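Report on the following structure.
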Amino acid sequence: MVHNPPVALTIAGSDSGGGAGIQADLRTFSFHAVHGTSALTCITAQNTQGVSRVDALAPESVIAQIEAVVSDIGIQALKTGMLLNQSIIEAVAGYLQGLESVDCVIDPVMVSRTGAQLIADDAIAALRQHLIPLATVLTPNRYEAQILSGQSISTLDDMKAAAQTIQGLGANAVMIKGGGFDGELRGVDVWYDGTTLTQLTTRCIDTTDTHGTGCTLSAAIAANLSLGHSPLDAAKHAKDYVTKALSYSLRIGNGQGPVGHFYPLLEK
Ligand SMILES: Nc1ncnc2c1ncn2[C@@H]1O[C@H](COP(=O)(O)OP(=O)(O)O)[C@@H](O)[C@H]1O
Ligand SMILES: Cc1ncc(COP(=O)(O)OP(=O)(O)O)c(N)n1
């Protein structure tokens, strides 16, 4: 039997602990029966307690990986995760500008839940200027949305106001994620695409094992876009996947464990 599955690409960092980064992204693509490809930007020495070292790849190496995939296999959608520094961001944005008919999910990764800074200070301007305007869907968390909007975000109304400000930076759609709040707002994300301002709500899962939620969500959106869903439907399907993976999160390590990407295998 011949299989010709959709193909998605993750441009992101490696998490040695397996909870976030390309490890989370590739598992998420597999769950959706989408063939996953990858371009590594950096290698983190990381576990459930934090990040102890980061080694960047050369921008030329990142672009060579993307080019190898695009020129032969082809992709329908991609996501970017931890891009780390200005030169990688500028190189990736320059390449993506020349890509046609590929949906881009931009996860503006800046800080991990354990508090580690995952982007150089001078890279945020490059992200804003070069990458955000290419986003089919931009997925900042609460803290990233505060930086990008310049607005403080403590309530649902704050999320809605910030989503409109950030969409004005040139993204097609913005989804501000609620995992950085306390209580029920953790399960609430706000979507704005220039026309529709809405909230995507799921139940709040009572767990501290939430490592990798943001990577998993953006990878699942990319997977659903590659399957042909509209951006808003892709976001809704992705949120369902993250919520289920959170309800099967893994109690491993001494810090924040990762979400359970393989929950369907546990349900059988
Ligand atoms: N405890 C939780 N219960 C339900 N959903 C959650 C919980 N924590 C995070 N999420 C969801 O996970 C997704 C990723 O959000 P977030 O954790 O804020 O991202 P990031 O990892 O980038 O900080 C969002 O859809 C958010 O609502
Ligand atoms: C290599 C790498 N990439 C991205 C992240 C951030 O992951 P995220 O899903 O946003 O979740 P937390 O780190 O906040 O749990 C990372 N830690 N490592």
Side-chain angles (χ1 to χ4, degrees), residues 10-28 38-57 79-84 88 105-119 137-148 153 156 159 175-191 199-221 234-250 253 255-259 261:
T10 170
I11 307 171
S14 167
D15 170 3
S16 53
I22 57 159
Q23 288 83 356
D25 297 341
L26 292 174
R27 280 202 295 273
T28 300
S38 62
L40 203 59
T41 57
C42 62
I43 299 167
T44 70
Q46 183 172 182
N47 57 27
T48 64
Q49 296 179 289
V51 178
S52 53
R53 181 180 169 116
V54 180
D55 290 287
L57 271 76
K79 68 149 279 186
T80 66
M82 182 175 175
L83 297 182
L84 188 63
I88 293 177
V105 182
I106 307 294
D107 185 1
V109 173
M110 296 183 193
V111 186
S112 81
R113 195 60 65 79
T114 54
Q117 186 163 345
L118 301 177
I119 190 169
V137 183
L138 177 73
T139 61
N141 65 22
R142 178 188 181 186
Y143 307 104
E144 292 152 357
Q146 289 187 150
I147 291 168
L148 292 173
I153 304 176
L156 185 58
M159 289 169 86
M175 181 175 182
I176 299 185
K177 303 169 291 190
F181 287 93
D182 293 325
E184 290 305 310
L185 265 188
R186 280 195 288 173
V188 179
D189 304 330
V190 166
W191 172 275
Q199 65 193 64
L200 309 182
T201 302
T202 56
R203 69 190 191 283
C204 175
I205 309 295
D206 185 17
T207 178
T208 54
D209 294 321
T210 60
H211 181 45
T213 45
C215 297
T216 302
L217 181 82
S218 53
I221 297 173
K236 288 177 180 170
H237 288 307
K239 189 156 174 61
D240 282 348
Y241 175 64
V242 174
T243 307
K244 288 188 186 120
L246 264 166
S247 67
Y248 280 87
S249 60
L250 311 182
Q256 296 186 332
V259 302
H261 294 101

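Atoms considered below: every heavy atom in the structure, side chains included; atoms not considered: hydrogens, waters and symmetry mates. Remember, it's 1-based here, ligands and their atoms both numbered in the order they're listed. The structure presented is a predicted model; accordingly, all values stated were derived computationally and were not measured.
The proximity of Met82 to ligand 2, defined as any non-hydrogen pair under 4.0 Å, is limited to the side chain. Contacts between Ile205 and ligand 1, counted as non-hydrogen atom pairs separated by less than 4.0 Å, involve both the backbone and the side chain. The part of Leu246 lying near ligand 1 is the side chain, judged by heavy-atom distances below 4.0 Å. Contact annotation: for Lys239 versus ligand 1, heavy atoms closer than 4.0 Å belong to the side chain alone. Looking at Ala12 against ligand 2, nothing comes within 4.0 Å, counting heavy atoms. Using a 4.0 Å cut-off between heavy atoms, Cys215 contacts ligand 2 through both its backbone and its side chain.
Between Asp189 and ligand 1, at least one N/O pair is under 3.5 Å apart. By the 3.5 Å distance cut-off applied to N or O atoms, Val242 is not counted among the residues near ligand 1. For ligand 1, none of its N or O atoms has an N or O atom of Glu144 under 3.5 Å away. Polar contact with ligand 2: present for Gly212 (N/O pair, distance under 3.5 Å). The distance criterion of under 3.5 Å between nitrogen or oxygen atoms is met by Asn141 with respect to ligand 1. Polar contact with ligand 1: absent for Thr207 (N/O pair, distance under 3.5 Å). Considering backbone and side-chain N/O atoms, Thr216 never comes within less than 3.5 Å of an N/O atom of ligand 2. Taking distance alone, with nitrogen or oxygen atoms compared against 3.5 Å, Arg186 approaches ligand 1 more closely than that limit.
In this structure, Arg203 is part of the shell of residues with a heavy atom less than 4.0 angstrom from ligand 1.
Those atoms of ligand 2 that come under 4.0 Å of a heavy atom in Leu118, given as number and element, are 5 (C), 6 (C), 16 (C), 17 (N).
Every residue meeting the side-chain contact (heavy atoms from CB on, under 4.5 Å) condition with Ile205, not counting sequence neighbours, appears here in chain and number order: Arg203, Thr207, Thr243, Leu246, Ser247.
Leu57 places none of its side-chain heavy atoms less than 4.5 Å from the side chain of Thr41. In this structure, Gln46 and Ser14 have side chains that are not in contact, with every pair of non-hydrogen atoms separated by 4.5 Å or more.
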